[in-house]
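To keep things clear, I will list the structure first and then write my remarks on it.
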Amino acid sequence: MLEFFLPVIQKALYSAGVTTDKPIRLEQPSDKKFGDFSTNIALLAAKECRRNPRELAQEIIPHLAFPPDTVARIDVAGAGFINFYLTPLFIMHSVEQVLQDGDKYGKDSIGKGQKAIVEYVSANPTGPLTIGRGRGGVLGDCIANLFETQGYEVTREYYFNDAGRQMQILGESVQLRYLECCGKETEFPTTHYQGEYIREIAEKIYSLHGTTVEKSNDLNLFKKIAEEIIFTSIRKTLERLSIHHDSFFNEHTLYTPDTQGVAANQRVIDKLRKKEFITEYDGAVWFLTTKLGQEKDKVLIKSSGEPSYRLPDIAYHITKFERGYDIIVNVFGADHIDEYPDVLEALKILGYDTDRIKIAINQFVTTTVDGQTLKMSTRKGNADLLDDLIDDVGADATRLFFIMRGKDSHLNFDIELAKKQSKENPVFYLQYAHARICSLLRMAQQETGFNPSDSAADYQLLRLLNSPEEVQLGFALLDYPDMIKTSLRMLEPQKMVEYLHSLAELFHRFYQECPILKAEPDICKARLFLSLATRQVLRNGFRILGVSAPESM
RNA sequence: GUGCCCGUAGCUCAAUGGAUAGAGCAUCAGCCUUCUAAGCUGAGGGUUACUGGUUCGAGUCCAGUCGGGCGCACCA
């Protein structure tokens, strides 16, 4: 609808002689009595013109040239809002577009020719995925889906590191547990991974090799096997949630020299040094963030000679620019919040356009059972495992619950609620609407021979519909394309969940108030088309969210 | 101590600086001889944590206070 209104308003402002540098915004009033759409442009422009906003609005209105039979009424209300009321005919006519476009409805090509990279999950293979990671995973996946609907060429990337200190500890942990399997007495440090999965890996090694590697000091053996097993399990877990990555970027490639014999990490140091942002003391190499007003400098290369995580992080982001991505999205949890400002600063210093980088940070997840909050404790062995959650509530509920709250809110995952097969559970409310339509269409085919695929010529029957329930439902369907754009702009799939919920509600109301199969033939058909269009939008929306669309329940 | 996020109905959460702050659940009252009642209709429920400020207009922006979460490593 943006495409419909904005040009007309723009022209009207011009011909009414109103100039303003404020962007025109189209909003949907919370109350329908203020119209289907509304703009506050007169309020904004009034100040610059030094005019009374209501008078200004009155002057703009005669210049608004909408096509005939589209906008029924234009009012000035409140402090100077211009409110638009669409005709039912226009609304129902537009529903035809939904049916014509089908799976493509809501898609756009504004991103055509642009490359976007969305990085998410990015957990190192030191243990199974936790519930907290799951939220970021689903969030990232949905964001990638949103970009795809707008025609962007999207890469879903997983950044990981199988070297470094954490992996070292992993190897040691497995080795110690293995020695226990061999009957040796060991002391297991509290700094090491306590989880049961370590024991399982050790037992596997024991069953493969027996005691033959007992004397081995080759930590790599344990590390490699552990990494392999853990990574496989991570990917399996992600697979259960339909999360796929196109690209797995190993941090280690940033350490190895390129064709000119220089490692990416080293290049970063060299370039930053040229910009005079590098210094050395205490045996380490520092990024001079104090020059940028920060309290402390940040270590880029430790006194041991190894880079700290920050250096490869910068180098990694440079590769995103070098690989030609126009939009770079990073999804990560609140625990990484302090990480990105340094990376951005470094990129800015090196001349990269950091406006292309968008950060989506999701807050943490707490789970509640019977109203009791289970505190997540990291890597203590009792961490909440994503797999257990999926076992418990299923993939659809897992995905939907993760994104049905804003990413900034601390998510409270009510496990009992997610398991409930009743209307309290939003997953079922949404899916039920879809299943109900499917059932209706099956019945229609049986009783009246209605066939959705060969009745396109009759789409115009939709224009017969004009009851409030029908028009409101139709209106909501038209809103879908704008909703995708809003969701994408805000990197917030939750908007889509909310929209689909209200769509389901409008359908149930329509279904309740308007008899379909019992109506006279033309009306019956028209209402079936409206139902069909609703099902289409639900499906398209579910696809973005990665939730299944059951045909019956 | 400090950086970021949050504080809105009994509970879980919405509200691109806009109009009388909205949904769902829970509670109460209605609706199935009728296409899936896993549904619909209606009612009650609020000093948007607090105090100031910015402006035509603040839940939203700014400052401060209080409360909760997550970080603050030469770990990632």
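Within every chain, numbering begins at 1; the chains are lettered A, B, ... in the order of the sequence lines, protein sequences first and strands thereafter.
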Between [X] and [Y], does the ring centroid distance fall short of 6.0 Å?
X       : Y       : answer
Y255(A) : H252(A) : yes
F413(A) : F402(A) : yes
F37(A)  : F475(A) : yes
F529(A) : F450(A) : yes
Y316(A) : F249(A) : yes
F84(A)  : F34(A)  : no
Y120(A) : F332(A) : no

F34(A) aromatic ring stacked with six-membered ring of rA19(B), 5.5 Å and 30°
yes
Return the stacking result for rA19(B) and F81(A): yes when the ring centres lie under 5.5 Å apart and the planes under 30°, no otherwise.
yes
Using a 4.0 Å heavy-atom cut-off, does [X] contact any base of the nucleic acid, only the sugar-phosphate backbone, or nothing at all?
X       : answer
G406(A) : sugar-phosphate
K495(A) : sugar-phosphate
N83(A)  : base
E295(A) : nothing
R25(A)  : base
A444(A) : nothing

In whole Å, measure the gap between the [atom1] atoms of [N] and [M] for me.
N       : M       : atom1 : value
rA29(B) : rU12(B) : C1'   : 24 Å
rC50(B) : rG42(B) : C1'   : 36 Å
rC32(B) : rA21(B) : P     : 35 Å
rG18(B) : rC61(B) : P     : 11 Å
rC25(B) : rA14(B) : C1'   : 14 Å
rU8(B)  : rU51(B) : P     : 16 Å
rG10(B) : rG44(B) : C1'   : 12 Å
rA26(B) : rC11(B) : P     : 16 Å

Calculate the interatomic distance between [X] atom [atom1] and [N] atom [atom2]; express it in whole Å.
X       : N       : atom1 : atom2 : answer
L56(A)  : rC56(B) : CG    : P     : 16 Å
R405(A) : rA23(B) : CZ    : P     : 16 Å
I131(A) : rC70(B) : CD1   : P     : 15 Å
K407(A) : rG69(B) : NZ    : C1'   : 18 Å
F160(A) : rA76(B) : CZ    : P     : 16 Å
R442(A) : rC35(B) : CZ    : P     : 15 Å
L530(A) : rC35(B) : CG    : C1'   : 15 Å
F510(A) : rC35(B) : CZ    : C1'   : 11 Å

Hey, is rC32(B) sitting syn or anti, using the within-90° cutoff around 0?
syn
Side chain of [X] - closest among [options]:
X       : options                   : result
A334(A) : rC35(B), rC70(B), rA23(B) : rC70(B)
L43(A)  : rG18(B), rA19(B), rC40(B) : rG18(B)
P29(A)  : rA19(B), rA76(B), rA23(B) : rA19(B)
E27(A)  : rG18(B), rC40(B), rA38(B) : rG18(B)
H336(A) : rC31(B), rA76(B), rU16(B) : rA76(B)
L440(A) : rU12(B), rC35(B), rU16(B) : rC35(B)
K302(A) : rC75(B), rC40(B), rA76(B) : rC75(B)
L44(A)  : rA37(B), rA76(B), rG18(B) : rG18(B)
I337(A) : rC40(B), rC35(B), rC4(B)  : rC4(B)
R509(A) : rC35(B), rU41(B), rC40(B) : rU41(B)

Pair R539(A) + E551(A): basic N to acidic O under 4.0 Å
yes
No-H, no-angle donor-acceptor pair, [X] side chain to [N] base, under 3.5 Å:
X       : N       : value
S38(A)  : rA19(B) : yes
D335(A) : rG71(B) : no
D31(A)  : rA21(B) : no

Closest heavy-atom contact between [X] and [Y]?
X       : Y       : answer
N451(A) : Q445(A) : CG-NE2, 4.3 Å
T289(A) : K296(A) : OG1-O, 2.7 Å
F160(A) : F248(A) : CE2-CB, 4.0 Å
P312(A) : P307(A) : CD-CB, 4.0 Å

Specify the residue among Q363(A) and D338(A) whose closest nucleotide of RNA chain B lies further upstream toward the 5′ end.
Q363(A)
Residue pair M404(A)/S552(A) against RNA chain B: nearer the 5' end by closest nucleotide is M404(A)
For nucleotides 6-11 of chain B, 5' to 3', base contacts (B), sugar-phosphate-only contacts (S) and non-contacts (-) with protein non-hydrogen atoms under 4.0 Å give S-----
Parsed dot-bracket for RNA chain B after applying the Watson-Crick and G-U rules with both distances under 3.5 Å and | for other-strand partners is (((((((..((((....[...)))).(((((.......))))).....(((((..]....))))))))))))....
Measure the shortest side-chain to side-chain distance between I301(A) and L311(A) over non-hydrogen atoms and say whether it is less than 4.5 angstrom.
yes
